[in-house]
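Here the structure is a predicted model, which means the values were calculated and not measured.
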Amino acid sequence: MKTNKRLFLLLLSLVVSVSALYAQSKKEKKEEKEKAVKEVVESGNFKIDVSRAYPQGGRSVQLSPSYSLELRNDSVFSNLPYYGRAYSIPYGGGDGLRFNAPLETYKMETKKNNAIKITFITRSKEDRFDFFIQIFPNGTAAIDVSMQQRQSISFSGELILPL
């Protein structure tokens with residue numbers, strides 16, 4: 001009987017110590033990811049793979065993996081779809097949110113919840129775009145785009161981290 005109690009206590013202490021190690025490593029991984037997200041965003045060169053679009057007044061749209069928004073060397077490379085109402089566009093529909101252009105203004109700030117808020121303005125030959133990006137510590141991102149010639153649209157996606 002004493003042997004069974006000792007065996008039980010030994011197994012119980014083993015389970016408790018393994019779960020504590022697992023929880024600690026999980027916490028360390030989370031902190032490492034938060035640090036990597038912050039470093040990538042603060043470098044000013046990053047890419048967000050967009051997975052969902054949220055048009056104004058419509059249902060959300062699941063997107064294929066080919067859509068993205070990239071900031072590099074004071075320029076924006078936008079390859080985003082547009083769903084919504086356009087007020088004045090070129091014949092044939094125009095390029096929408098598919099353009100490469102320099103940034104006119106750029107502002108980055110860290111919020112209380114460690115999310116990073118980025119705002120910038122850019123122009124293409126068709127329109128002026130006001131981008132509002134929020135990147136969360138876990139690497140997810142929310143993008144809101146306001147335009148002069150089209151309705152606003154929002155996107156969600158994931159920050160691409162280096163390996």
Discussion item. Please check this pair: side chain of Y82 against backbone of R85, looking for a donor-acceptor N/O pair closer than 3.5 Å.
Written reply: yes
Please tabulate, for side-chain N and O atoms in residues 130-138, each donor-acceptor pair with protein atoms closer than 3.5 Å (sequence neighbours left out).
residue, atom, partner, partner atom, Å
D130, OD1, R128, NE, 3.1
D130, OD1, R128, NH2, 3.2
N138, OD1, T140, N, 3.1
N138, OD1, T140, OG1, 2.8

Worksheet item: What distance do S156 atom OG and D49 atom CG have between them, rounded to the nearest 0.5 Å?
Response: 12.0 Å
Worksheet item: Can you check whether P81 reaches L63 side chain to side chain, under 4.5 Å on heavy atoms?
Response: yes
Worksheet item: Got a sec, which residues hit side-chain contact (heavy atoms from CB on, under 4.5 Å) with K117, two or more places apart in sequence or on another chain?
Response: E109, K111, T119
Worksheet item: Should I118 and I160 be regarded as members of a common hydrophobic cluster, given that ILVMFWY residues are connected when their side-chain heavy atoms come within less than 4.5 Å of each other, either directly or indirectly?
Response: no
Worksheet item: Among all residues two or more places apart in sequence or in another chain, which pass the salt bridge (Lys or Arg N to Asp or Glu O under 4.0 Å) test with R98?
Response: none
Practice prompt. Could you list the residues that satisfy ring-ring contact (aromatic ring centres under 6.0 Å, His included) with F99, not counting sequence neighbours?
Written response: F129
Discussion item. Using a 3.5 Å distance criterion without hydrogens, assess whether the side chain of Q56 forms a donor-acceptor pair with backbone atoms of I153.
Written reply: no
Discussion item. Check E126 with R150, please: is the shortest side-chain N to carboxylate O separation under 4.0 Å?
Written reply: yes
Fill in: Pairing residues for N100 by the side chain to side chain donor-acceptor pair (under 3.5 Å) criterion, not counting sequence neighbours
none
Item to complete: Could you list the residues that satisfy side-chain contact (heavy atoms from CB on, under 4.5 Å) with S43, not counting sequence neighbours?
Response: N45
Fill in: Test item: Y106 and D74 side chains (from C-beta on) under 4.5 Å apart, heavy atoms
no
Worksheet item: OG1/T105 to CZ/F120 distance, rounded to the nearest 0.5 angstrom?
Response: 9.0 Å
Discussion item. Is it the case that the side chains of S68 and N79 hold a donor-acceptor pair, with the cut-off being a distance below 3.5 Å and no angle test?
Written reply: no
Worksheet item: How far does OG of S152 sit from CG of D144, to the nearest 0.5 angstrom?
Response: 8.0 Å
Discussion item. Side chains of E39 and K35, heavy atoms from C-beta outward: is any pair under 4.5 Å?
Written reply: yes
Response to the item:
Here the gap from L103 atom CG to R72 atom CZ, rounded to the nearest 0.5 Å, amounts to 12.0 Å
Practice prompt. Could you tell me whether the side chain of F155 reaches within less than 4.5 Å of the side chain of L97, counting heavy atoms only?
Written response: yes
Discussion item. Nearest 0.5 Å, please: how far is OG in S78 from CG in L69?
Written reply: 5.5 Å
Discussion item. Whether the Q62 and R52 side chains hold a donor-acceptor pair (N or O, under 3.5 Å, no angle test) is what I'd like checked.
Written reply: yes
Worksheet, complete the sentence: dist T110:OG1 -> K112:NZ (nearest 0.5 Å) comes out at 13.5 Å
